[in-house]
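Throughout, numbering of the chain's residues begins at 1 and tracks the sequence. Predicted model only: the values in this text are computed from it and were never measured. The figures here come from the full heavy-atom set of this structure, side chains too, leaving out hydrogens, waters and symmetry mates.
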Amino acid sequence: MMPSTFLSSAFPAPDQINLGLLSGTRFANACGDLAKQHQLKEDMAALSLLGAISVAAQGRYDVLLPHGSTAPMSLYTLIVAVSGEGKSAAYKKTMAPLKRVQRACYEEYKKESFDFSSKLTAWKATNNKLKADLQKAAKQGEGIEEAQQAHLSHAANKPAPPREFRLLYPDATPAALFEGLQNILPSGALTTDEGDTYFNGAMRQARGHMNSLWGGEDLVISRATKEDIVIYDPRYGMHISIQPGVLDRHMKPEDRDSGWAARFIVCVPDPVRGTRQYHLGASDPGEGWQWADQRLEALVRENLDLLDDPHLPRHQLLFSQDAQHRWVRLANEIEQAMGPGGRFEACTDHASKLSNQIGRVAALLHLFEDHSGDISVQTLEMATHLCSYYSLHFQQVLMPPPQDIQDAMLLRQWFSQLFQQHRWLGIPYNGARQRGPNPLRNTKRLSEAVSVLCFEGIISVGYEGKTRMIYFLNV
């Protein structure tokens, strides 16, 4: 008999997204604590935490998708919010366990480097002596074999330099990143809470390589004056926080055309500025976040094994039989929605990556929760609704709606702030034109935005005497 979970659509429509499915999980508890501690939106906290989990896990874990291909646990995440909404706080908190381990390892690396330098000096001195002995034997014509053997034995014992433990590359050139993946660890991530740094840097020009790294593909980079860079089976993530105006200035058509942007999970949190209340002791981490911090550190420390063997086989996470069937159904539904008139007709590049993204997120949730066995259908459901929610954000930012719809969203956001801050139930029409968001002080754009919100039942327009009013119904 077909399980009851299969009776509904596998991929939820926008009005059927239910993030409550995550309630009670360690992931949700951690996100709630993070959001409360720093007074930021939980959807921002959730994507920040997912990004950190992926960096910690991608070097030691893969996920076998139900159609038979192995996918990395890597994610490309993009958080778009204006200054003051908590982007930096979320970034610093979620990356803290990773930086803590990396910092401690770097201190040990400096000590080992000093020891290596001393050992190498001693080795070179002995090596020079043995070379001199070999030259002397060759000149005298006796004892050559013994001198050669001594020299070869010593050469085989040349001290190896210590391997640095580095996962995070906040500001790196493509060459530095690729050399790090080749020579340091085969796992790393570009992480920054100042997205302008990325878009103004040389990494921006490496979109094709970023696409290959997202899929875990081998990377071969030929160079004219230096040795080629060859990276087998790498793992690489990107986690960028940026302000919307900065993103708008930098985004180019080739970012979509190349497929680079389609690989991102995007979050555009609602604003919290003007609604926050500060209290003594409110910044103390809760039990949910304390557990998350420890779990992240434990996952990061599993990567220390790569110092001894960078090519150590990864653990492979599998889906349960029910989850396999469920994933296949949602993948087929997403495929159908890319057709004419479908939900993803205008963003097939994004949709073509969505079932893969859902599989990765399900594996990350399973791993973070420290579940045993295979990935359950319940965990897959959580990942499906979470990714469906962020899919709406992707379409909002990287597939912007017509200008009147964008203006209506901006106007509604401003009305919502007026209601939350002052409990106003309306505003004179001319007041909106004179004091509203700058782009909407244009009479035509304001009129079109008001029409959209009236049609959606968000506001209504009427008169009080001779004054034309805008009334808030559902801001």
Side-chain angles (χ1 to χ4, degrees), residues 22 26-28 30-31 33-35 38 40-61 63 71-81 85-102 166-172 177 187-195 197-198 203 210 213-214 216 235-242 247 260-261 263-269 289 292-293 295-300 303 353 356-369 382-383 386-387 389-391 393-394 397-398:
L22 289 106
R26 286 166 166 165
F27 180 82
C31 294
D33 277 357
L34 178 58
H38 294 285
L40 48 87
K41 284 294 185 178
E42 287 195 29
D43 52 359
M44 182 198 294
L47 193 56
S48 298
L49 180 53
L50 274 176
I53 300 169
S54 72
V55 178
Q58 66 184 9
R60 297 297 296 117
Y61 293 89
V63 57
M73 303 280 271
S74 311
L75 296 181
Y76 288 5
T77 65
L78 180 67
I79 294 175
V80 185
E85 292 298 326
K87 299 188 301 297
S88 294
Y91 171 82
K92 291 176 182 177
K93 195 71 175 182
T94 53
M95 290 295 167
L98 287 74
K99 291 183 176 181
R100 190 166 60 238
V101 175
Q102 186 169 281
R166 185 191 302 174
L167 292 175
L168 305 180
Y169 294 80
D171 185 14
L177 170 67
S187 176
L190 186 152
T191 62
T192 178
D193 59 343
E194 296 293 343
T197 302
Y198 166 77
M203 286 298 299
M210 299 300 101
L213 288 172
W214 182 83
R235 293 296 179 264
Y236 173 75
M238 294 185 70
H239 309 288
I240 301 173
S241 296
I242 195 169
L247 182 65
W260 173 82
R263 288 165 168 79
F264 277 86
I265 300 177
V266 180
C267 177
V268 191
W289 183 256
D293 185 272
R295 181 62 178 149
L296 282 171
E297 180 170 334
L299 289 171
V300 174
N303 291 271
K353 306 292 185 294
N356 188 300
Q357 298 273 32
I358 292 170
R360 298 184 188 204
V361 171
L364 291 169
L365 292 175
H366 175 88
L367 187 62
F368 179 77
E369 297 289 322
M382 295 176 192
L386 194 57
C387 289
Y389 172 80
Y390 288 129
S391 174
H393 290 221
F394 177 96
V397 172
L398 298 180

Within the structure provided, determine whether [X] and [Y] are in side-chain contact (heavy-atom separation under 4.5 Å).
| X | Y | answer |
| --- | --- | --- |
| L168 | M95 | yes |
| L47 | L78 | no |
| Y61 | L364 | no |
| P97 | V300 | no |
| I242 | T192 | no |
| I79 | V266 | no |
| V361 | I265 | yes |
| K93 | H38 | yes |

Electrostatic pair R100:D293 at N-O distance under 4.0 angstrom: yes
Could you grab the distance from atom [atom1] of [X] to atom [atom2] of [Y], nearest 0.5 Å is fine?
| X | Y | atom1 | atom2 | result |
| --- | --- | --- | --- | --- |
| Y76 | S54 | OH | OG | 10.5 Å |
| C387 | L50 | SG | CG | 7.5 Å |
| L34 | K41 | CG | NZ | 14.0 Å |
| I358 | M382 | CD1 | CE | 14.5 Å |
| M238 | L75 | CE | CG | 12.5 Å |
| T94 | M44 | OG1 | CE | 11.0 Å |

Minimum heavy-atom distance [X]-[Y], with the two atoms named:
| X | Y | answer |
| --- | --- | --- |
| A57 | L367 | CB-CD2, 3.4 Å |
| L40 | G86 | CD2-O, 3.5 Å |
| Q357 | R263 | NE2-O, 2.8 Å |
| E42 | C31 | CG-O, 4.3 Å |
| A261 | F394 | O-CE1, 3.3 Å |
| A383 | A362 | CB-N, 3.4 Å |

Geometric cation-pi criterion R295 and W289, 6.0 Å radius, 45° cone: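 So R295 doesn't make the cation-pi contact.
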Parallel, tilted or perpendicular: rings of Y390 and H393 (30°, 60°):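 Plane angle over 60°, so perpendicular.
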Aromatic ring pairing W260/Y198, orientation class (parallel under 30°, perpendicular over 60°, tilted between): parallel
When you measure from the side chain of [X] to the backbone of [Y], do you find a donor-acceptor pair of N or O atoms at a distance under 3.5 Å?
| X | Y | value |
| --- | --- | --- |
| E297 | V101 | no |
| R235 | G59 | no |
| E85 | P269 | no |
| R360 | S74 | yes |
| N356 | A71 | no |
| Q58 | G188 | yes |

Contacts of F27 that satisfy ring pair (Phe, Tyr, Trp, His ring centres under 6.0 Å) - sequence neighbours left out: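 Residues passing ring pair (Phe, Tyr, Trp, His ring centres under 6.0 Å) with F27: none at all.
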Distance-only side-chain donor-acceptor flag, T191 / Y91, under 3.5 Å: yes
Stepwise side chain to side chain contact (heavy atoms under 4.5 Å, CB included) test for C267 and T77: CA-CA 8 Å; C267 177; T77 65; over 6 Å; no
Residues M73, V63; criterion side chain to side chain contact (heavy atoms under 4.5 Å, CB included); working and verdict: CA-CA 7 Å; M73 303 280 271; V63 57; 4.2 Å; yes
Check against side-chain hydrogen bond (donor to acceptor under 3.5 Å, both in side chains), T197 and D171: CA-CA 7 Å; T197 302; D171 185 14; 5.7 Å; no
